[in-house]
Amino acid sequence: MIQAKNIHKSFGELEVLKGVDLDVKKGEIVSIVGPSGAGKTTLLQILGTLDKPNEGEVLVDSIDFSKLGEKALAAFRNKHIGFIFQFHQLLPEFTALENVMIPALIAGKDQKKTAEKAKEILAYLKLTDRMEHKPNELSGGEKQRVAVARALINDPGLILADEPSGSLDSKNKEELHKLLFDLRDKFGLTIVIVTHDKDLAALSDRVIQMRDGQIIN
């Protein structure tokens, strides 16, 4: 599913990634762990096409990102990759339903069909009665489930999650952790998670440790 080879990334004189190689199989849940500053989030952003390496190549489903122009890259990202961030990144002026629909509408999909699908996903995530609420009317756990629904709307094969439970209390953390594995089993997703949460990492199929810009195991 993912092949990253010899990934280097620098910001000015600061070398953040120092020749990272990573393979992730289809249907696998992988957690990337390590201390702050290890390069975890930078690697995740490169895997998600949100940033480019200074050196090396990334392939997702055998598609080489370096061969795609900016427009094609944005379209690939929108269709094939779903993102879940620590602080959900919901747009405050839109309802939960509208937030979920946005990636599909950006992709040019039919609005009525998109609304129907978004409602189905929100219902699956037990948010039927919260669809018309705006983010400031939702709990932390509800906001993160809306973010999960948004990540799923375009049927991506890959989900990239950056500290997805970092801002949640213990109960909501447990629910989100279970949800990620349920989604993998239901939709056949491949999920890569950057996390400091030892409980979440322990549940994963594989744990990758990073330190000082390199994978150490």
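None of these values were measured; they are calculated from a predicted model.
- The shortest side-chain heavy-atom distance between L183 and D185 does not fall under the 4.5 Å cut-off.
- Minimum interatomic distance between S204 and I29 (heavy atoms only, all atoms of both residues): CB-O, 3.6 Å.
- Hydrophobic clustering, with ILVMFWY side chains joined whenever heavy atoms are under 4.5 angstrom apart, keeps I46 apart from L59.
- In this structure, K5 does not pair ionically with D64, as no charged nitrogen and carboxylate oxygen lie closer than 4.0 Å.
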- Item | Derivation of the side chain to side chain contact (heavy atoms under 4.5 Å, CB included) call for H196 and V33 | CA-CA 6 Å; H196 283 100; V33 303; over 6 Å; no
- Item | salt bridge (charged side-chain N to carboxylate O under 4.0 Å, His left out) evaluation trace for E70 with K52 | CA-CA 11 Å; E70 289 299 328; K52 293 182 178 181; 2.7 Å; yes
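- Surrounding CD of E116 are more than 12 heavy atoms belonging to other residues, nucleotides or ligands, all under 6.0 Å away.
- Salt-bridge check for E175 with K171: passed, with a basic side-chain N closer than 4.0 Å to an acidic carboxylate O.
- Between the side chain of S10 and the backbone N or O of G12 there is no donor-acceptor pair closer than 3.5 Å.
- By the rule that hydrophobic residues join a cluster once side-chain heavy atoms approach within less than 4.5 Å of another member, V207 and L200 end up as members of separate clusters.
- For the atom pair OG1 of T95 and CE of M131, the computed distance is 10.0 Å after rounding to the nearest 0.5 Å.
- Between L90 and V146 there is a side-chain heavy-atom pair separated by less than 4.5 Å.
- Across every non-hydrogen atom of L91 and P135, the tightest pair is O-CG, 3.7 Å.
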- Message: Show, in sequence, the C-alpha distance, side-chain angles and deciding distance for L97 and M101, and conclude whether the side chain to side chain contact (heavy atoms under 4.5 Å, CB included) test is met.
- Response: CA-CA 6 Å; L97 179 61; M101 292 172 61; 4.0 Å; yes
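- The minimum heavy-atom distance between F83 and A151, with the atom names listed, is O-CB, 3.6 Å.
- Salt bridge status for D205 with R184: present, with a side-chain N to carboxylate O gap under 4.0 Å.
- Linking Ile, Leu, Val, Met, Phe, Trp and Tyr residues whenever their side-chain heavy atoms come within less than 4.5 Å leaves I106 and I84 in two separate clusters.
- Side-chain contact between R145 and E142: present, with at least one pair of heavy atoms (C-beta onward) separated by less than 4.5 Å.
- D199 has no carboxylate O lying under 4.0 Å from a charged side-chain N of K173, or vice versa, which leaves the two without a salt bridge.
- Classification of D212 and K18 as a salt-bridged pair fails, no side-chain N sitting under 4.0 Å from a carboxylate O.
- For the pair K117 and D110, the minimum side-chain heavy-atom distance is 4.5 Å or more.
- Because its NZ or CZ atom is both nearer than 6.0 Å to the ring centre of F11 and within 45° of the ring axis, K9 counts as a cation-pi partner of that residue.
- No continuous path of ILVMFWY side-chain contacts below 4.5 Å connects F94 to V100, so the two sit in separate hydrophobic clusters.
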- Given I193 and I32, is the side chain to side chain contact (heavy atoms under 4.5 Å, CB included) satisfied, shown in steps? CA-CA 6 Å; I193 307 165; I32 301 175; over 6 Å; no
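- Here the NZ atom belonging to K178 is positioned 11.5 Å from the CG atom belonging to L203, to the nearest 0.5 angstrom.
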- Message: Please determine whether side chain to side chain contact (heavy atoms under 4.5 Å, CB included) holds for the pair K25 and M1, giving the CA-CA distance in whole Å, both sets of side-chain angles, and the decisive distance to 0.1 Å.
- Response: CA-CA 5 Å; K25 297 176 183 177; M1 183 64 174; over 6 Å; no
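- Contact check for Y124 versus L152: no side-chain heavy atoms found under the 4.5 Å cut-off.
- Put simply, the side chain of N54 does not reach to within 4.5 Å of the side chain of I7, judged on heavy atoms.
- Atoms CZ and CD, on R150 and E98 in that order, are 13.5 Å from each other to the nearest 0.5 Å.
- Looking only at atom types and distance, the side chain of K134 has no donor-acceptor partner in the side chain of N99 under 3.5 Å away.
- Of all the heavy atoms in V20 and Q214, the pair that sits closest is CG2-CA, 4.4 Å.
- With rounding to the nearest 0.5 Å, the separation of CG in L43 from CD1 in I215 is 6.5 Å.
- Taking 4.0 Å as the cut-off between side-chain N and carboxylate O, K186 and D182 do not count as a salt-bridged pair.
- Nearest heavy-atom pair, H8 versus N6, reported as atom, atom and distance to 0.1 Å: NE2-OD1, 3.1 Å.
- Looking at every heavy atom in both residues, M210 comes nearest to K40 through SD-CA, 4.0 Å.
- Put simply, the side chain of Q144 gets close to the backbone of P164: a donor and an acceptor are under 3.5 Å apart.
- Remark: the N78 side chain and the N154 side chain contain an N/O donor-acceptor pair separated by less than 3.5 Å.
- Put simply, OG1 on T190 and CG on L158 are 6.5 Å apart, with the number rounded to the nearest 0.5 Å.
- The line from NZ of K143 to CG of L138 is 7.0 Å long, rounded to the nearest 0.5 Å.
- Looking only at side-chain heavy atoms (C-beta outward), K109 and I153 stay at 4.5 Å or farther from each other.
- Note: the hydrophobic cluster containing F85 does not contain I102 (ILVMFWY, side chain heavy atoms under 4.5 Å, direct or indirect links).
- Residues D197 and H177 meet the side-chain proximity criterion, which asks for heavy atoms closer than 4.5 Å.
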